[in-house]
> 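I'd like to ask some things about the structure below.
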Amino acid sequence: MIPHQTPTLLKSLFRPTLLSVVVALLLLLAVVVLAAPLLPLHDPDAFLSSDGFVPPSGEYWLGTDFLGRDLLARLLGSARVTLGMALLSTILAHLIGDTLGLLAALRGGWFDAVVSRVVDVVLSVPKIIAGLVVLAVTGPSLVAIVVLTAVVYAAGVFRISRALGQDLIAQDFITVARARGEGNRWLLFGEMLPHVVMPLTADFALRLSFAILFMSGLSFLGLGVQPPMADWGGLVRENLDGLQIGSWAPIYPALSIAVVSVLLNLFVDGLQEREKKGGGA
Amino acid sequence: MTLLHIQNLNLSADSGKPILRDVSLTLENGQILALIGASGSGKTTLALTALGHMRPGVRHVSGQVLFRGQDLLRMSRRALARLRGRKLAYIAQSAAVSFNPRIRLDRQVTESSRIHHTMSPDAAHARAREVYRTLDLPTGEAFYNRFPHEVSGGQLQRFMIAMGLHEMPEILVCDEPTSALDATTQVEVLKALDTGIHASGTAAILVGHDIAQVVQVATHILVMRNGEVVERGTVEKILHHPEHPYTRRLLEMHRGFDAESGTMAETVAAASATAVSPSDRTDRAPLLEVRDLAVCYGTGGFAVKALSGASLTLNGGEMMAVVGESGSGKSTMARAIAGLVQPSQGEVLVNGRPMERDVLKRPLPMRRAVQITFQSADTSLNRHHTVGRILGQVLTFFGERSKERRAERIRDLLEQVHLPADYADRKPSQMSGGEKQRVNLARSLAARPDVLICDEITSALDNIVAASVLDLIAELKRELNIGILFISHDLSAVAAMSDKIMVLRNGEVVEQGPTAQVLGAPRHPYTRLLRSSVAALRLGWLEEASALHRSLRDELGA
Amino acid sequence: MIRFIVKRLAAGFVLLLVISLLIFVGCEMLPGDVAQIMLGQSASPENVAALRAELGLDRPAPVRYLAWLWGTFHGDWGVSMTSRQPVSVMLSERLSNTLTLAGLTTLVSVPLALLIGMVLAVHKGTRLDRVGTIVIVGLCATPEFLVATLGVLVFSIHLRWLPAISYVTPGTGVLTQIKSMLLPLATMTIIVTAQLARMTRAVVGNILTQPYVETARLKGAGPVRVIMVHALRNAVGPLINIIAMNVAYLISGVVIVETIFAFPGLARLMADSVQARDLPVVQACAMIFSASYIGLIMVADIVAKLFDSRKEPGAPS
């Protein structure tokens with residue numbers, strides 16, 4: 001048998017594949033968004049022009065919004081809101097979903113039955129409808145939106161991590177450990193964790209893109225982040241009237257959402273493709 | 001013109017690693033050519049090229065596959081499709097996954113006649129029934145029109161053979177047609193295949209890993225190893241005058257066990273002698289005692305009895321073989337003893353002390369005493385951990401705190417299973433199947449068990465590798481003086497080395513006792529059936545065995 | 001089989017009851033008194049009490065829940081808090097608009113997506129598949145409002161072919177109505193087709209790697225026969241489920257698309273009512289959407305089961 005080293009993620013990223021390009025772009029995006037306050041941009045909240053929807057120029061690269069604010073500055077400013085909130089709720093969703101899912105797989109019994117039924121209920125309500133009802137009751141609030149998104153997506157994460165866990169538990173190396181009498185802590189952290197890191201990372205990226213789309217959708221409907229704060233969905237809503245005069249103002253934020261979401265999806269596809277090739281024995 | 005002529009064929013994997021190296025062969029009308037070799041020898045890949053087929057990931061490098069002078073590997077898809085199913089037919093290894101689950105069997109068997117418009121529907125119907133009768137399938141339209149999941153594994157494989165023979169092909173390619181079946185069924189399917197091939201007069205390529213089985217059907221043999229042809233010749237030549245050492249080793253695998261008398265003349269006698277010698281344990285309790293163990297799956301009215309009333313005793317330095325087909329309850333018994341499955345009745349005693357049913361309720365020294373090793377070397381090892389970590393965890397778990405002593409023990413354990421010390425740094429993906437199974441054994445030994453349960457640990461391995469693992473087990477038994485419960489569906493594998501044997505069927509103990517006695521003079525017809533299913537390395541065995549099978553099946557009423 | 005259908009229907013019904021309870025309890029948690037909110041802060045206590053009695057708010061919560069549930073099954077959805085109209089009247093016309101939009105989208109996108117998905121699956125690994133997959137993944141990840149706004153910009157503003165706003169006014173010609181629905185329809189179709197095609201490709205692609213497909217090919221079956229005779233009947237079960245899920249996805253897509261095009265549908269009514277916090281309307285809409293979602297998944301399960309020729313597990317194997 002020829003010993004072969006499975007290529008590490010890092011190594012394979014240096015090869016010019018679609019995956020490495022996608023990762024590079026995502027990193028670039030993160031840097032630009034984080035460094036936005038340091039960039040020589042206009043004040044995103046300053047009314048620079050008396051007219052709205054000024055077309056792009058050397059002064060305003062992307063033109064201005066409906067109130068005459070610099071669109072590029074607003075786009076970058078609201079990126080932190082959009083991505084930050086989505087990231088926060090996805091992290092929450094995974095914390096809840098992974099813990100419950102792996103535990104349900106490991107413990108089974110009533111715990112699994114109860115959590116699974118609750119998840120069935122959550123998943124049988126269309127997400128946006130659940131969102132609308134909750135926001136009708138609470139009114140638009142940042143906390144409500146983040147918690148709502150986290151809960152709604154935790155249900156999906158639960159299904160995935162439970163399935164992964166059950167898959168692993170059926171494998172003999174878990175049975176061997178159980179036959180030895182190992183406790184749940186070793187089974188979970190020692191045996192199972194290394195196997196679920198990759199698939200759950202892929203799921204995280206995918207959920208993140210869902211969360212961005214979901215929250216932008218809510219904001220677009222006027223139920224998300226409220227002015228003067230804005231996220232990308234909100235920017236689309238604010239500037240939607242510009243369409244009638246042919247302005248691209250609502251297109252740029254929508255395009256930004258699409259770009260991030262597409263990059264995340266391509267990242268997941270690339271990751272899974274790589275797993276398939278590397279893992280196939 | 002030669003029927004099939006493969007010339008200097010070189011195939012490689014996508015990665016460039018060669019799969020076949022400069023392989024040539026010819027097949028004439030009426031010849032049945034067996035391809036023999038271990039898994040990874042390229043035998044299936046070679047056989048499939050006779051259909052002009054290469055699985056995804058296989059690349060053609062050079063060479064030709066000439067069917068009546070036409071190169072199949074350079075033919076258009078359309079022309080190739082016209083030959084397949086009609087002139088060149090295929091019998092897959094596992095009928096269970098090779099039939100479309102949603103199409104009735106008869107429709108699938110006769111499909112080629114509809115694809116190629118070779119027969120009228122009536123003629124196809126009649127032809128299929130003719131073949132079904134030849135293959136000894138049950139009769140009846142309702143039976144022929146069943147779905148694949150509605151017939152038994154042996155019947156399904158016979159439908160697969162019927163499908164291959166339907167168009168009276170010129171070449172029939174059979175990819176290990178019996179290896180997915182139970183031992184007793186293998187004999188019957190092999191006989192059906194033999195009858196079918198001879199009745200239709202087709203030439204055939206028969207891929208196999210059990211040389212004793214294929215010689216019953218084949219006229220010529222090609223021995224392969226690592227993508228190369230090692231030796232070729234007629235069956236008589238290979239059987240009686242093997243030249244290559246590898247061929248000789250393959251043959252030796254079968255020489256030892258005498259299926260007719262069921263004994264392994266000298267070894268069994270020696271083994272039973274040693275089994276008696278450490279008998280100064282008269283008043284001491286046996287290492288492992290199982291009393292009237294029964295296991296049910298499910299509850300209430302749906303409960304299925306997987307095992308009923310099994311009892312056994314096992315002493316240090318003793319090995320007990322538990323044999324039976326799939327569904328006989330042998331693995332269930334192993335898991336119940338290990339505390340992984342809850343028995344519905346009965347007791348397990350280790351060193352005279354009763355064990356809790358659930359492994360988690362057993363105190364640490366009790367858990368240590370019984371260790372289990374599973375069939376699948378692949379899934380038994382966590383592929384993200386190194387061998388050192390896998391073994392180290394067991395040592396830590398059973399209380400070894402010192403890092404130095406752990407490292408030392410890991411070195412000892414690897415030595416015990418004959419692996420180099422530097423394997424401690426390897427991950428499972430860097431080892432072969434046999435090596436992985438050795439690590440599995442080392443992990444069980446790390447607990448310093450009194451009883452080692454081996455659940456089909458050699459079943460997934462190639463013959464030669466399996467034999468070396470068996471040698472290791474025998475050595476461990478001798479040197480560590482532990483009791484070994486060896487579960488297997490392969491009678492020939494365990495007959496040689498076990499002191500006692502237990503035969504299970506449908507959850508019931510059919511027969512049990514000293515191996516020499518049980519196999520030498522089996523009382524139960526099922527034991528005789530099992531014994532007669534072990535292929536003997538001589539021509540004419542298949543005829544006798546299948547005749548014997550028929551009468552024994554009658555006796556068993558099945 | 002009958003038992004399966006009855007069991008499945010019962011499970012769906014129970015699920016719907018649980019959801020109705022959740023919706024009701026959720027709305028109960030609304031801070032403040034509904035009557036007070038309706039009448040404003042300046043209303044006299046007598047007026048508030050009168051309205052409470054009129055709306056039945058003075059009864060205990062379980063009684064109100066049962067009354068609401070009872071009404072829901074009878075088409076009596078209560079009275080809107082903002083327009084004071086019966087909710088059922090507000091719903092009826094909008095529901096048919098939304099159904100038309102969803103129905104047309106399904107009609108176009110399902111066959112289209114199946115075709116694209118199968119073509120890509122058959123050509124797995126080729127350049128066609130790679131390019132096609134990237135396009136599909138891209139479209140799946142694109143928000144509806146990008147497709148919609150780009151559509152408006154190009155077809156309404158620059159080319160002036162289609163209206164940017166799709167008021168479906170009754171009485172106008174059929175052609176005008178179709179024209180006004182074209183942009184929302186196209187937006188929905190693009191997104192739904194992409195998602196469905198992506199999953200179809202995965203399902204069919206997976207089936208094509210099965211050993212029985214290899215068996216069929218080695219019997220001389222051509223690509224068309226392999227797909228039509230061997231692959232499709234095994235794909236039906238999973239595909240029906242996927243189609244149901246995507247049709248259900250229409251529900252969320254429809255909210256956004258209706259808003260952008262000011263399309264007078266149920267989803268926009270719901271979004272507007274949420275902003276106005278008009279709870280009876282929100283409750284009614286939520287129930288309709290949840291019921292149709294659960295119903296679709298249920299029907300898919302049953303159809304997939306009907307198509308499964310295999311009987312109960314446990315039959316001789």
Side-chain angles (χ1 to χ4, degrees), chain A residues 18 117-118 120-140 206 209-210 212-214 216-218 220-223 232-233 236-237 239-240 242-266 268-269, chain C residues 11-12 15-16 18-19 22-23 26-31 130 133-134 137-150 152-153 156-158 164 248-249 251-256 259-260 267-268 270-279 282-283 285-286 288-290 292-294 297:
Chain A
L18 183 63
R117 285 301 85 74
V118 171
D120 284 349
V121 173
V122 173
L123 286 178
S124 66
V125 187
K127 290 180 179 55
I128 195 112
I129 301 303
L132 288 178
V133 172
V134 170
L135 292 175
V137 175
T138 62
L206 204 60
S209 81
F210 292 163
I212 292 172
L213 290 179
F214 178 69
S216 308
L218 287 179
F220 174 76
L221 294 174
L223 300 166
W232 284 344
V236 179
R237 179 186 172 82
N239 296 304
L240 197 57
L243 271 191
Q244 306 305 327
I245 56 167
S247 163
W248 276 62
I251 305 278
Y252 295 122
L255 199 63
S256 310
I257 298 168
V259 166
V260 173
S261 163
V262 169
L263 282 179
L264 285 170
N265 272 270
L266 288 178
V268 172
D269 261 29
Chain C
L15 200 54
L16 204 55
V18 173
I19 287 167
L22 284 179
I23 291 174
C27 292
E28 278 292 298
M29 293 192 303
L30 184 69
R130 275 199 291 274
T133 306
I134 289 183
V137 169
L139 283 176
C140 284
T142 306
E144 298 84 0
F145 42 80
L146 176 62
V147 180
T149 46
L150 278 176
V152 169
L153 202 63
S156 310
I157 309 299
H158 287 301
Y249 156 83
I251 291 168
S252 58
V254 101
V255 180
I256 308 266
T259 308
I260 292 180
R268 212 183 110 228
M270 185 172 177
D272 290 346
S273 304
V274 169
Q275 281 194 315
R277 303 182 92 181
D278 188 348
L279 290 185
V282 172
Q283 285 176 333
C285 292
I288 292 177
F289 280 126
S290 302
S292 47
Y293 187 83
I294 292 173
I297 302 280

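Proteins get letters first, then strands, A, B, ... in listed order; numbering begins at 1 in each.
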> Chain A heavy atoms under 4.5 Å from C/Ile297: which part of the residue, side chain, backbone, both or neither?
neither
> The criterion is salt bridge (charged side-chain N to carboxylate O under 4.0 Å, His left out); which residues satisfy it with A/Arg117, sequence neighbours excluded?
A/Asp120
> About how many Å separate CG of A/Asp269 and OG1 of C/Thr133, when rounded to the nearest 0.5 Å?
8.0 Å
> As an exercise: rank C/Val282, C/Leu153, C/Thr259 by heavy-atom pairs under 4.5 Å with chain A and give me the winner.
C/Leu153
> Might you point out which heavy atoms bring C/Ser290 and A/Val125 nearest each other, and give the distance in Å?
OG-CG1, 3.9 Å
> Heavy-atom distance under 4.5 Å to chain C: side chain of A/Ser216, backbone, both or neither?
both
> Identify the two heavy atoms, one from A/Val262 and one from C/Gly138, that lie closest to each other, and give their separation to 0.1 Å.
CG2-O, 3.4 Å
> Name the option with the most non-hydrogen atom pairs under 4.5 Å to chain A; the candidates are C/Thr142, C/Thr149, C/Ile294, C/Asp272.
C/Thr149
> Looking only at heavy atoms, which two atoms of C/Leu279 and A/Ala136 are closest? And how far apart?
CD2-CB, 4.3 Å
> Counting C-beta onward and ignoring hydrogens, is there a side-chain heavy-atom pair between C/Phe145 and A/Leu240 closer than 4.5 Å?
no
> So which part of A/Asn265 gets closer than 4.5 Å to some heavy atom of chain C, the side chain, the backbone, both or neither?
both
> Is any side-chain heavy atom of C/Ile19 closer than 4.5 Å to one of A/Val121?
yes
> Which bit of C/Tyr293 comes within less than 4.5 Å of chain A, counting heavy atoms only: side chain, backbone, both or neither?
side chain
> What's the shortest heavy-atom distance between C/Gln275 and A/Leu221, and which atoms?
NE2-O, 3.4 Å
> What part of A/Leu123 gets closer than 4.5 Å to chain C, counting heavy atoms only: side chain, backbone, both or neither?
backbone
> Out of A/Val268, A/Leu213, A/Val260, which one racks up the most heavy-atom pairs below 4.5 Å with chain C?
A/Leu213
> What are the two closest heavy atoms between A/Ser261 and C/Ala141, and how far apart are they?
OG-O, 2.5 Å
> Sequence neighbours excluded, which residues qualify as side chain to side chain contact (heavy atoms under 4.5 Å, CB included) partners of C/Leu150?
A/Trp248, A/Ile251, C/Leu146
